[in-house]
Structures are given as structure tokens and as C-alpha cells.
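All values below come from the heavy atoms of this structure, side chains included, with hydrogens, waters and symmetry mates left out. A note on names: the letters A, B, ... follow the listed sequences, proteins ahead of strands, and every chain is numbered from 1.
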There are 2 protein chains.
Amino acid sequence: MAKMSLPDVLYALSDPLRLKIVRQLADEGEMSCGTFDVRIPKSSLSHHFKVLRDAGVIATRGEGVRRMNSLRRAELDAAFPGLLEAVLHAPLPRERRRLAG
Amino acid sequence: MAKMSLPDVLYALSDPLRLKIVRQLADEGEMSCGTFDVRIPKSSLSHHFKVLRDAGVIATRGEGVRRMNSLRRAELDAAFPGLLEAVLHAPLPRERRRLAG
DNA sequence: GTAATTGTTCGACTCTTTTCGAACAATGAC
DNA sequence: GTCATTGTTCGAAAAGAGTCGAACAATTAC
């Protein structure tokens with residue numbers, strides 16, 4: 001992960017599903033691929049992880065039979081100060097959530 | 001421009017050329033389409049303006065025979081606090097500049 | 001009216017991205 | 001060794017985005 005490029009990072013974050021993944025990582029810390037709250041085939045999910053990894057947004061390490069993913073907060077903050085925070089605090093497009101009442 | 005969506009905005013900003021347009025607008029204020037420092041056919045340029053407009057990143061108003069473009073700073077800041085500033089202050093990927101030698 | 005200027009739209013083409021099942025690899029349990 | 005679990009990679013299909021010339025629209029000047 002020598003160079004992170006702003007367009008690549010923005011692109012990686014421009015997909016609603018990937019954004020959701022990033023936010024869950026921000027909330028939960030390290031998570032294995034299978035524990036995300038998304039319902040898509042694992043090959044599709046794996047693709048999105050690859051996009052995020054290639055952009056430098058997440059890091060993955062093997063732990064036994066599973067891959068633990070984490071946000072590369074420090075690197076992102078260093079390269080693009082304020083960006084991750086802005087993205088994490090922004091209202092999600094249409095989070096499928098029912099308002100009470 | 002009812003709702004701006006974060007993925008749409010991030011996507012619009014994820015292209016190096018569009019990023020360059022946005023930065024020139026940030027520096028210069030209002031600019032007509034023909035005054036940007038980019039060398040591509042006008043139909044291609046028009047396409048990128050449309051992407052930025054549709055995402056809510058820029059606004060365009062007609063003034064005589066030309067279209068004046070401006071950054072929708074206030075709206076962007078309101079919808080996604082800190083995002084535009086982070087993007088504008090981030091180092092640009094690799095400005096196509098020839099190294100001597 | 002004609003002509004010049006500024007941008008958009010159209011249409012076709014190319015390239016990239018996304019999707020998803022199937023096959024594969026790596027680990028752990030047995 | 002076999003078997004189950006977790007994820008990646010492969011391959012092909014579908015969808016999407018970018019490029020660019022040509023045609024078109026809108027304005028201004030004449």
C-alpha cells in the first residue's frame with residue numbers, strides 16, 4: 001500500500017455497500033468477512049473487500065480460517081485529514097431504517 | 001436538487017478530472033465551462049459537468065451565451081460537514097507533470 | 001435574416017465495474 | 001488422511017461510465 005490516491009479512496013467509498021462495510025468497521029473494530037450485516041453472495045462481498053483493500057481503506061490479516069478486516073484510520077487520516085471523519089459522520093443515503101411512529 | 005447522496009457526491013469527486021474542475025472552482029469562484037484548464041473535447045467536458053451537477057456538487061447558471069459554474073459550498077457543507085474541505089485540502093494524486101530527464 | 005460562440009445532446013463505441021456460481025486454497029477439527 | 005468452514009479467484013454475463021465527433025440549441029452581433 002505505497003501510495004493512496006484520493007480518487008481511488010473516494011471511488012471505493014462511493015458505493016453504498018462499501019460505505020456500509022466501512023461504517024460497521026468504524027463501529028465494531030476488527031470484523032471477519034462473514035460477520036458483516038450484508039446479504040450478498042460471498043464472491044460479490046469478496047470483490048468489494050478487494051476494492052476497499054486496493055484503495056487502502058481497509059487492511060486484512062489472516063487469523064486461523066478467517067480474515068480479520070480493519071479500517072486503516074491512521075493512514076487515511078495522515079493522507080487525507082478529515083476525510084474519513086466527514087464520511088463517517090455524514091448521513092447515510094437511505095439507511096433502511098424504520099422510524100418509530 | 002432535493003437530496004444530495006453521499007455515494008453520488010463521492011463518486012462525482014472520485015474522478016481526477018472532475019476533482020480538478022472542483023478545485024479550480026474552489027480557487028477561482030465562478031467559471032464558464034470554456035475557461036477550465038483541461039484539454040478534452042467539449043462533449044466530454046460537458047459530460048463531467050453533468051455528473052457534478054447531478055450529484056449536487058456544482059450549480060450552473062446561464063449568463064448570455066455562456067454557463068457560469070460554481071461550487072455549491074454551502075449545500076455541501078450542510079449535507080456533509082467537513083467533506084468538501086477535506087477533499088480540497090488533500091494532496092492531488094499525480095498532476096500530469098513532466099519530470100525533467 | 002446569416003454567422004460566430006458557447007454548451008448540450010445524441011449515438012456509437014470502448015473500457016470498466018458489478019454480479020454470481022463454480023472451482024479452488026487454506027486452515028482447523030477429527 | 002477426510003470433512004467443514006472461511007474467503008479468494010475464475011469466467012462469463014450484464015450493467016455502467018467515459019470518450020468523442022456530429023448535430024443541435026441558445027445567445028449575441030451584424
Side-chain angles (χ1 to χ4, degrees), chain A residues 1 4-22 24-25 28-72 93-94, chain B residues 1 4-22 24-25 28-72 92-94 96:
Chain A
M1 204 56 53
M4 284 198 294
S5 107
L6 180 61
D8 288 352
V9 168
L10 293 177
Y11 181 80
L13 296 175
S14 74
D15 179 88
L17 192 104
R18 291 195 290 262
L19 213 38
K20 194 169 176 183
I21 289 173
V22 166
Q24 289 184 40
L25 282 177
E28 309 285 334
E30 256 192 346
M31 296 176 68
S32 71
C33 298
T35 61
F36 287 84
D37 180 25
V38 294
R39 261 84 74 207
I40 59 170
K42 57 181 181 171
S43 54
S44 303
L45 188 54
S46 194
H47 162 72
H48 289 295
F49 280 117
K50 180 166 167 46
V51 174
L52 288 168
R53 261 196 306 266
D54 290 352
V57 175
I58 67 173
T60 305
R61 70 182 177 84
E63 185 170 295
V65 76
R66 50 183 67 116
R67 310 299 184 93
M68 301 306 287
N69 301 280
S70 56
L71 252 184
R72 298 183 68 227
R94 55 203 89 269
Chain B
M1 203 58 54
M4 285 198 293
S5 107
L6 181 60
D8 288 351
V9 169
L10 293 177
Y11 182 81
L13 296 176
S14 73
D15 179 88
L17 192 103
R18 291 196 291 261
L19 213 38
K20 194 171 175 180
I21 290 172
V22 166
Q24 288 184 40
L25 282 176
E28 309 285 333
E30 255 192 346
M31 297 175 69
S32 71
C33 297
T35 60
F36 287 86
D37 179 25
V38 295
R39 260 84 72 207
I40 59 169
K42 58 182 182 172
S43 55
S44 303
L45 188 53
S46 194
H47 161 72
H48 289 294
F49 279 116
K50 179 165 167 46
V51 174
L52 288 168
R53 262 194 308 266
D54 290 351
V57 175
I58 68 174
T60 304
R61 70 183 177 85
E63 184 171 295
V65 74
R66 49 182 68 117
R67 311 299 183 92
M68 301 305 288
N69 302 281
S70 55
L71 254 185
R72 298 183 69 226
L92 201 64
R94 53 204 72 270
R96 197 77 46 249

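Residues Cys33(B) and His47(A) each lie close to DNA chain C; by heavy-atom proximity, the contact nearer the 5' end of the strand is made by Cys33(B). Toward the 5' end of DNA chain D, the nearer of the two residues Val65(B) and Asp15(B), judged by each one's closest nucleotide, is Asp15(B). Nearer the 5' end of DNA chain C, as judged by each residue's closest nucleotide, is the contact made by Thr60(B), out of Thr60(B) and Ile40(A).
No hydrogens or angles were tested; on distance alone, a donor-acceptor pair under 3.5 Å links the side chain of Ser43(B) to the base of dG21(D). For dG18(D), its base never sits under 3.5 Å from the side chain of Ser44(B) at any donor and acceptor pair.
Rounded to whole Å, the distance from CG on Leu45(B) to P on dG21(D) is 13 Å. Rounded to an integer number of Å, the gap from CZ of Arg67(A) to P of dT9(D) is 8 Å. Rounded to a whole Å, the CZ atom of Arg39(B) is 17 Å from the C1' atom of dC20(D). Across the protein-nucleic acid pair, Phe49(A) atom CZ and dT8(D) atom P stand 7 Å apart, rounded to whole Å. Nucleotide dG7(C) holds its P atom 8 Å from the CG atom of Asn69(B), rounded to whole Å. Note: CE (Met68(B)) to C1' (dT27(D)) measures 15 Å, nearest angstrom. For the pair Lys50(A) NZ and dT9(D) C1', the interatomic distance rounds to 10 Å; values are reported in whole Å. For the pair Arg66(A) CZ and dA29(C) C1', the interatomic distance rounds to 13 Å; values are reported in whole Å.
Checking each of Ile58(A), Ile21(A), Leu25(A) against Met31(A) for a side chain to side chain contact (heavy atoms under 4.5 Å, CB included) leaves exactly one that passes, namely Leu25(A). The only member of Asp15(B), Val9(B), Leu13(B) that meets side chain to side chain contact (heavy atoms under 4.5 Å, CB included) when paired with Leu10(A) is Leu13(B).
Between Arg53(A) and the phosphate of dT8(D), there is a side-chain N or O to OP1/OP2 separation shorter than 4.0 Å. The phosphate of dT19(D) has OP1 or OP2 within less than 4.0 Å of a side-chain N or O from His48(B). Phosphate proximity of dT6(D) to Ser32(A): absent, as no side-chain N or O sits under 4.0 Å from OP1 or OP2. Residue Arg18(A) places at least one side-chain N or O under 4.0 Å from the OP1 or OP2 atom of dT18(C). The phosphate of dA17(D) has neither OP1 nor OP2 within less than 4.0 Å of any side-chain N or O from Tyr11(A).
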Checklist entry - When you look at Gln24(A) and Thr35(A), which way does the side chain to side chain contact (heavy atoms under 4.5 Å, CB included) test go after all the steps? => result CA-CA 10 Å; Gln24(A) 289 184 40; Thr35(A) 61; over 6 Å; no
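The side chain of Lys42(B) lies closest to dG7(C), out of dG7(C), dA23(C), dT9(C).
Residue Tyr11(A) comes nearest to Ser14(B) through the heavy atom pair N-CB, 3.4 Å, listed as atom of the first residue, atom of the second, then distance. Shortest non-hydrogen contact noted between Leu71(A) and Val57(A) is CD2-O, 3.5 Å.
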